[in-house]
2 protein chains.
Amino acid sequence: MKHADIKYTNQRVEILDFLGDFQGHPTVEDVYEGVRQKLTRISKATVYNNLKFLAEKGLIKEVNVKGVSRFESNLMPHHHTICIKCGEIKDYESEQLSDLTMEVAENIDDFTIRSADVNFLGVCKKCMEE
Amino acid sequence: MKHADIKYTNQRVEILDFLGDFQGHPTVEDVYEGVRQKLTRISKATVYNNLKFLAEKGLIKEVNVKGVSRFESNLMPHHHTICIKCGEIKDYESEQLSDLTMEVAENIDDFTIRSADVNFLGVCKKCMEE
DNA sequence: TATTAAATAATAATTGTTATTATTTAAACC
DNA sequence: GGTTTAAATAATAACAATTATTATTTAATA
Ligand SMILES: [Mn+2]
Ligand SMILES: [Mn+2]
Ligand SMILES: [Zn+2]
Ligand SMILES: [Zn+2]
């Protein structure tokens with residue numbers, strides 16, 4: 001799914017590669033630190049700019065956890081569980097819910113849908129045991 | 001639905017009153033400015049503390065839009081449409097979706113559910129016309 | 001090759017939020 | 001009722017994430 005209208009700079013390629021390898025939902029800082037291993041001179045502003053850019057182009061997804069942005073390259077429809085104690089975020093899949101969400105989304109009046117996010121907020125197992 | 005185990009200080013009452021009157025989803029700043037009309041000497045820290053406190057107690061709901069906290073006293077199950085251009089947030093109701101979301105939420109393993117948020121991101125009518 | 005626009009790096013500025021501390025208020029106890 | 005104690009508040013400092021600015025570099029275009 002390579003878009004023709006996008007300029008694949010070194011920085012963007014490294015960011016996409018990093019997100020492809022990463023298991024989870026890294027913050028901007030995570031991406032910056034990771035990409036820096038290969039592009040030692042990359043600026044954090046470039047990471048911010050390109051994460052936003054790539055998200056706008058639909059190549060990656062942004063998910064906000066407790067006020068901070070996280071990213072992923074997994075574009076398959078899925079949901080998230082987010083621990084309100086430790087901030088842990090995990091994927092959760094329910095095809096039925098994805099389907100209904102999309103269906104509802106497409107029928108909202110006076111609104112051009114871009115995406116529909118379902119977040120389950122609660123306390124993870126580990127935090128519960130404490 | 002007045003909780004007995006909560007101390008209803010002037011500040012808390014004013015915050016709750018403000019949220020009850022307000023049509024929409026005010027930010028902390030909005031609440032601060034609003035409540036200040038009556039309690040001119042209230043501190044912004046108190047607004048922060050009490051909004052968090054009241055949300056934890058379940059008397060109000062917090063909803064995060066583009067990384068900033070917003071609040072509402074509408075506790076009925078509902079969803080939100082959020083404009084990615086201007087940030088406008090509006091309520092949207094689908095009983096079917098609320099029901100399925102709750103059902104799915106209750107069956108997530110190793111996770112103590114607190115709430116399930118559905119956010120529709122897109123472009124509102126006004127922003128679309130520009 | 002010269003011109004132009006886009007992208008990047010470095011860093012300053014801003015914003016939303018949290019932490020700290022002194023003061024005030026109100027409940028609990030005698 | 002007056003005293004003790006804890007909770008809540010006000011004021012403000014500190015912090016972290018993000019955005020804005022500007023000079024420089026890179027790449028596309030003519
Ligand atoms: Mn995910
Ligand atoms: Mn609402
Ligand atoms: Zn946790
Ligand atoms: Zn809009």
Side-chain angles (χ1 to χ4, degrees), chain A residues 3-18 25-57 59-72 82 84-87 89 121, chain B residues 3-18 25-57 59-72 82 84-87 89 121:
Chain A
H3 288 225
D5 60 331
I6 284 172
K7 199 180 290 182
Y8 283 88
T9 63
N10 289 346
Q11 289 86 343
R12 284 172 191 169
V13 169
E14 286 300 332
I15 288 170
L16 286 171
D17 280 1
F18 177 81
H25 305 79
T27 62
V28 173
E29 190 66 29
D30 293 333
V31 176
Y32 175 58
E33 292 302 333
V35 169
R36 219 142 69 109
Q37 303 305 314
K38 297 218 169 174
L39 288 178
T40 53
R41 297 200 57 75
I42 195 171
S43 164
K44 193 181 279 189
T46 299
V47 177
Y48 269 98
N49 285 339
N50 283 328
L51 285 171
K52 185 155 83 169
F53 173 85
L54 295 167
E56 275 168 6
K57 293 292 183 185
L59 278 83
I60 63 176
K61 280 282 293 175
E62 179 173 0
V63 38
N64 198 286
V65 179
K66 286 176 149 197
V68 327
S69 287
R70 291 171 172 271
F71 298 87
E72 66 181 334
I82 300 170
I84 56 177
K85 297 283 182 193
C86 69
I89 170 173
L121 304 183
Chain B
H3 288 225
D5 59 332
I6 284 171
K7 199 180 290 181
Y8 284 88
T9 63
N10 289 346
Q11 290 86 344
R12 284 172 189 168
V13 170
E14 287 300 332
I15 289 169
L16 286 170
D17 281 1
F18 177 81
H25 304 80
T27 61
V28 174
E29 189 67 29
D30 293 333
V31 176
Y32 176 58
E33 292 302 335
V35 169
R36 219 141 70 108
Q37 304 304 314
K38 298 217 168 174
L39 288 179
T40 54
R41 298 201 55 74
I42 195 172
S43 164
K44 193 181 279 188
T46 299
V47 177
Y48 269 97
N49 286 339
N50 282 329
L51 285 170
K52 184 155 83 169
F53 173 86
L54 295 168
E56 274 167 8
K57 293 293 182 184
L59 278 81
I60 64 177
K61 279 283 292 174
E62 179 172 359
V63 37
N64 198 288
V65 180
K66 287 176 151 198
V68 326
S69 286
R70 292 171 171 271
F71 298 86
E72 66 181 333
I82 300 169
I84 55 178
K85 297 284 183 193
C86 68
I89 171 173
L121 304 182

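Just so we're on the same page: letters track the sequence lines, and every chain starts at 1.
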With no hydrogens and no angle check, is any side-chain donor or acceptor of B:Arg12 less than 3.5 Å from a backbone partner on B:Asn50?
no

Rounding to a whole Å, what distance do you find between A:Ile15:CD1 and C:dA9:C1'?
13 Å

Among C:dT17, D:dT18, C:dT8, which nucleotide has an atom closest to any side-chain atom of A:Ser69?
D:dT18

Would you mind reading off the distance between B:Phe71 atom CZ and C:dT17 atom P, rounded to a whole angstrom?
7 Å

Intermediate values then yes/no, side chain to side chain contact (heavy atoms under 4.5 Å, CB included), B:Phe71 and B:Asp30:
CA-CA 10 Å; B:Phe71 298 86; B:Asp30 293 333; over 6 Å; no

Given DNA chain C, 5'-ward residue of the pair A:Arg41 and A:Phe53, judged by closest heavy atom
A:Phe53

Measure the distance from CG on B:Leu39 to P on D:dT9 and round it to the nearest whole Å.
10 Å

Is it true that atom NZ of B:Lys85 has more than 12 heavy atoms of other residues, nucleotides or ligands lying nearer than 6.0 Å?
no

Rounded to whole Å, please give me the gap between CG in A:Leu54 and C1' in C:dT8.
14 Å

Expressed in angstrom and rounded to an integer, what is the separation of A:Arg36 atom CZ from C:dT8 atom P?
17 Å

Determine, for B:Lys52 against B:Glu62, whether the closest basic-nitrogen to carboxylate-oxygen distance falls under 4.0 angstrom.
no

Give the rounded distance in Å between these two atoms: CD of A:Glu29 and P of D:dT18.
10 Å

Using whole Å, report how far CD of A:Glu14 lies from P of C:dA9.
12 Å

Supply the atom-to-atom distance B:Leu16 CG to B:Leu59 CG, rounded to the nearest 0.5 angstrom.
6.0 Å

Base, sugar-phosphate, or nothing: which does A:Arg12 touch, judged by heavy atoms less than 4.0 Å apart?
sugar-phosphate

May I have the step-by-step check of side chain to side chain contact (heavy atoms under 4.5 Å, CB included) for B:Glu14 and B:Ile42, ending in yes or no?
CA-CA 10 Å; B:Glu14 287 300 332; B:Ile42 195 172; over 6 Å; no

What protein N or O atoms touch nucleotides 20-29 of chain D N or O atoms at under 3.5 angstrom, if any, and at what distances?
none

Nearest-nucleotide pick for A:Tyr48, side chain only, options being C:dA9, D:dT19, C:dA10
D:dT19

May I ask you to verify if any side-chain N or O of B:Thr9 is less than 4.0 angstrom from the OP1 or OP2 atom of D:dA8?
no

Does A:Ser43 make a side-chain N or O approach to OP1 or OP2 of C:dT11 shorter than 4.0 Å?
no

Check whether any side-chain nitrogen or oxygen of B:Asn50 sits under 4.0 Å from OP1 or OP2 of D:dT9, and answer yes or no.
yes

Stepwise side chain to side chain contact (heavy atoms under 4.5 Å, CB included) test for B:His25 and B:Val65:
CA-CA 10 Å; B:His25 304 80; B:Val65 180; over 6 Å; no

How would you label the contact of A:Gln11 with the nucleic acid (heavy atoms, under 4.0 Å): base, sugar-phosphate, or nothing?
sugar-phosphate

Rounded to whole angstroms, how far apart are OH on B:Tyr32 and P on C:dT18?
17 Å

